[in-house]
Participant: 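Before I ask anything, let me first share the structure, which is written out below as structure tokens.
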Amino acid sequence: MAVDLGDRLRAAFRWTDPGDGTGYLVSNRSGWWRDPLIISGLGDALGALFRESSPTVVVSPEVTGFLLGPLVARALGAGFVEAYRAGVRRPIAEPMRWATVPSDHRGEEQLLGVREGLIAPDDRVLVVDDWAATGAQIRALRSLLGDNYVGAAVIVDECPPKVAASLTIRGLLRGSDL
Ligand SMILES: O=P(O)(O)OC[C@H]1O[C@H](OP(=O)(O)OP(=O)(O)O)[C@H](O)[C@@H]1O
């Protein structure tokens with residue numbers, strides 16, 4: 001990663017106090033997408049983490065992944081497949097394959113799904129997301145993708161190192177950088 005991309009990511013990031021009295025801060029990542037140099041550099045930087053695996057498809061969970069995944073797919077010359085969260089939109093018309101996310105960083109159970117037929121047996125799939133907290137969503141996608149899964153590239157990896165290693169998660173920043 002170019003040194004100045006890491007600096008720009010740190011500078012454009014904010015923690016927000018939602019003011020609900022819990023003292024729990026939420027991440028504000030909007031400054032990343034607002035910075036033209038970050039947007040132009042992120043695809044290459046995340047793709048470089050797995051370029052040696054020659055991914056053919058990027059899969060990303062909504063909603064932020066729908067912004068980030070195509071940047072990485074373009075940088076790698078790969079295609080893009082959406083991973084939808086159940087219940088946040090009208091039902092998807094096509095047949096889906098779903099995986100349960102037992103408990104993510106919010107402690108909520110979710111379902112992540114991709115349309116059937118978009119991943120070929122010989123595809124090498126890179127999961128891309130902005131943030132890995134517990135790794136629950138990435139683990140669910142790995143279970144869905146099986147042997148097609150090569151790893152996950154994220155902007156911020158704050159998973160315990162053993163979790164990151166077991167899921168082959170690579171990040172540009174650690175949680176402690178922010
Ligand atoms: O490692 P985990 O515990 O699974 O958490 C990681 C997820 O958390 C964030 O999503 P968020 O729910 O904030 O959704 P967003 O994409 O809509 O911002 C992030 O974008 C990952 O998808």
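Every number for a ligand or one of its atoms is a count from 1 in the order of the listing. Scope of the values below: all heavy atoms of this structure, side chains included, with no hydrogens, waters or symmetry mates.
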Participant: Looking only at side-chain N and O atoms, does Arg142 offer a donor or acceptor that is under 3.5 Å from a partner on Gln137?
Facilitator: no
Participant: Could you list which atoms of ligand 1 come closer than 4.0 Å to a heavy atom of Asp130?
Facilitator: 19 (C), 20 (O)
Participant: Mark up the atoms of ligand 1 that fall under 4.0 Å of a heavy atom belonging to Thr134, in ascending order.
Facilitator: 1 (O), 2 (P), 3 (O), 4 (O)
Participant: Does ligand 1 come near enough to Gly65 that some N or O of the ligand is less than 3.5 Å from an N or O of the residue?
Facilitator: no
Participant: Within a distance under 4.0 Å of any heavy atom of Ala136, pick out the atoms of ligand 1 and give their elements.
Facilitator: 1 (O), 2 (P), 4 (O)
Participant: Would you check, one step at a time, whether the test side-chain contact (heavy atoms from CB on, under 4.5 Å) holds for Trp33 with Leu67?
Facilitator: CA-CA 9 Å; Trp33 327 130; Leu67 179 164; 3.7 Å; yes
Participant: Which one of Ile138, Leu172, Leu68, Asp130 satisfies the side-chain contact (heavy atoms from CB on, under 4.5 Å) criterion with Val154?
Facilitator: Ile138
Participant: Measure from the ring center of Trp131 to the ring center of Phe13 and say whether it is less than 6.0 Å.
Facilitator: yes
Participant: What do you reckon, does Arg85 put a non-hydrogen atom under 4.0 Å from ligand 1?
Facilitator: yes
Participant: Looking at ligand 1, does any of its N/O atoms fall within less than 3.5 Å of an N/O of Ala133?
Facilitator: yes
Participant: Strictly below 4.0 Å, N to O, side chains only: are Glu94 and Arg115 in salt-bridge contact?
Facilitator: yes
Participant: For Asp129, take its heavy atoms, then give the atoms of ligand 1 lying under 4.0 Å from any of them.
Facilitator: 19 (C), 20 (O), 21 (C), 22 (O)
Participant: Answer yes when Asp157 and Arg170 have at least one side-chain N-carboxylate O distance shorter than 4.0 Å, and no when they do not.
Facilitator: no
Participant: Under 4.0 Å from a heavy atom of Trp131: give me the atoms of ligand 1 that qualify, with their elements.
Facilitator: 6 (C), 7 (C), 19 (C), 21 (C)
Participant: Please determine whether the number of non-hydrogen atoms from other residues, nucleotides or ligands lying under 6.0 Å from atom CG of Asp20 exceeds 12.
Facilitator: yes
Participant: Could you tell me, atom by atom, which parts of ligand 1 come under 4.0 Å of a heavy atom of Ala132?
Facilitator: 1 (O)
Participant: Take every heavy atom of Arg139, measure it against each atom of ligand 1, and state whether any distance is under 4.0 Å.
Facilitator: no
Participant: Apply side-chain hydrogen bond (donor to acceptor under 3.5 Å, both in side chains) to Arg174 and Ser176, showing your working.
Facilitator: CA-CA 5 Å; Arg174 292 287 305 165; Ser176 54; 5.2 Å; no
Participant: Could you tell me which atoms of ligand 1, counted from 1 in the order shown, lie closer than 4.0 angstrom to a heavy atom of Thr64?
Facilitator: 15 (P), 16 (O), 18 (O)
Participant: Would you mind finding which of Glu158, Gln110, Gln137 brings a heavy atom closest to atom 4 (O) of ligand 1?
Facilitator: Gln137
